[in-house]
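Contents: one structure, followed by commentary.
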Amino acid sequence: MGPVAASADETDNFTCRALVARDSLTILDRWVNTQIQVAVARANRRTGGRAAADALVRELQRSVGGSVPDPLTFVPHSRFERWIDSQPQIDRCHLAFAKTIYGARPYNQPWLYPFLGRTVFVVDSILLSGRVVGVDKINHFIREGLASWRAVYRRGGNIVAVLERELDPATRGWHWTEYGLKGMSLTGVLSYADVAAGYSGFVFWDDLLTPGGPRSVLAYDDARGRYVQVRDFTFADYVTDAWDEGINYSTFEPELGQQVAAAVRARGLTIPVRDCRPLADLPDARLYVNPACLTR
């Protein structure tokens, strides 16, 4: 495996906890609602009446779920995440790698992969609906959520099986899972919060791509002969404490785990930063919450 391929995004929600003050909810909600409106308008223009349903699904996946490759790793990232990276008005915690909990060794230098056995890039953290989350969670919400929706509704799967596979140790290595190429096998980090954001994304895509349901964002207006947005999207309906790696904490390869634990202690913090057991009350918590948080 070449060093360029050996990379994945992580976040430091321990160091960043006190460094983000302004919530980004309104800004991010506005982007999503704008993209929904663009997609609905395109679908309604393309075909009339209920025949626009297939066009609507395509346009929503294109506008909201579009991706671009990372220029260094070529791993796809959501266009939304890249847009966030470019917005100076978003309050964010941006850290030099050496100042992060992963900074004991220069894991952010891909050329050192053959010697260090992992490559880690740390993304910014933001405040979203009162939670500290890494910007990478937007990628998981959009991309992984959509992938799960397709697996369930296009390929006849079920969300339990999809997410159980993400956290299956048997998928180490080249599998596209959190134990594989998305996480543990490349970075030494198994992020339950990544899976939590993906689960929320699945719920979001179900709400978005199933018009007319009790939680749907869209509906068909018979009187007007077109699809319409019937409620505003807001991340407040989807983001939970399980997205926060300071609470729904990750597990690590042993050497990296020791380094991270030492860095967190040096900051006067604990892992997790507070009692994580309330996460057990979230829907389907066992699919994406660190098992240590599920014991009462």
Side-chain angles (χ1 to χ4, degrees), residues 8-25 28 81 91-95 99-103 120 122-141 144-145 163 166-167 178-179 182-184 187-204 234-253 256-296:
D9 291 338
E10 302 298 340
T11 187
D12 181 356
N13 282 359
F14 294 90
T15 310
C16 283
R17 299 200 81 74
L19 300 178
V20 283
R22 191 170 65 252
D23 205 300
S24 298
L25 181 68
L28 270 58
E81 181 189 7
D91 186 24
R92 68 188 72 224
C93 170
H94 179 80
L95 301 169
K99 300 296 185 182
T100 73
I101 59 173
Y102 300 103
V120 180
V122 175
V123 301
D124 296 348
S125 291
I126 62 175
L127 196 63
L128 184 60
S129 190
R131 278 89 172 189
V132 180
V133 302
V135 174
D136 63 314
K137 300 302 176 285
I138 303 301
N139 193 54
H140 287 279
F141 180 78
E144 305 304 328
L163 296 192
E166 284 290 328
L167 297 174
E178 283 298 323
Y179 254 106
K182 296 181 193 176
M184 182 66 84
T187 67
V189 182
L190 181 68
S191 174
Y192 296 97
D194 285 357
V195 183
Y199 172 86
S200 296
F202 166 77
V203 176
F204 159 68
T234 177
F235 272 103
D237 291 337
Y238 300 96
V239 66
T240 70
D241 285 339
W243 291 33
D244 182 349
E245 293 184 14
I247 301 172
N248 190 20
Y249 60 101
S250 302
T251 56
F252 308 92
E253 291 285 8
L256 182 61
Q258 292 171 7
Q259 294 165 355
V260 167
V264 171
R265 285 196 302 272
R267 289 155 173 77
L269 299 172
T270 59
I271 303 176
V273 295
R274 61 176 170 82
D275 187 2
C276 64
R277 289 175 296 178
L279 297 178
D281 296 328
L282 292 170
D284 295 323
R286 71 176 184 83
L287 299 178
Y288 54 82
V289 169
N290 187 319
C293 301
L294 299 177
T295 58
R296 291 290 188 177

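Residues that satisfy the side-chain contact (heavy atoms from CB on, under 4.5 Å) test with Leu269, not counting sequence neighbours, are Phe14, Val264, Arg267. Partners of Arg286 under the salt bridge (charged side-chain N to carboxylate O under 4.0 Å, His left out) rule, at least two apart in sequence or in another chain, are Glu164. The salt bridge (charged side-chain N to carboxylate O under 4.0 Å, His left out) check on Glu178 picks up nothing, with sequence neighbours excluded. Looking at residues two or more places apart in sequence or on another chain, you find no ring pair (Phe, Tyr, Trp, His ring centres under 6.0 Å) involving Tyr179. Evaluation of the side-chain contact (heavy atoms from CB on, under 4.5 Å) rule for Ala196 yields Ala242, Trp243, Asn248, Tyr288 as partners, not counting sequence neighbours.
Between Ser200 and Val239 the shortest side-chain heavy-atom distance does not fall below 4.5 Å.
Phe204 has its ring centre no less than 6.0 Å from the ring centre of Phe235.
Note that the CG atom of Asp136 and the OG atom of Ser125 stand 8.0 Å from one another [nearest 0.5 Å]. Within the model, atoms OG1 of Thr270 and CZ of Arg265 stand 11.5 Å from one another, a figure rounded to the nearest 0.5 Å.
Among pairs with a residue in residues 16-25, those fulfilling side chain to side chain donor-acceptor pair (under 3.5 Å) read Arg17-Asp244, at least two apart in sequence or across chains.
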Please report the C-alpha distance between Lys182 and Asp194 in whole Å, then the side-chain angles of each, then the deciding distance to 0.1 Å, and finally whether the salt bridge (charged side-chain N to carboxylate O under 4.0 Å, His left out) criterion is met. CA-CA 9 Å; Lys182 296 181 193 176; Asp194 285 357; over 6 Å; no
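Side-chain atoms of Tyr102 and Asp12 include no donor-acceptor pair closer than 3.5 Å.
When atom types are taken as modelled, the side chain of Asp91 and the backbone of Val20 share no donor-acceptor pair closer than 3.5 angstrom.
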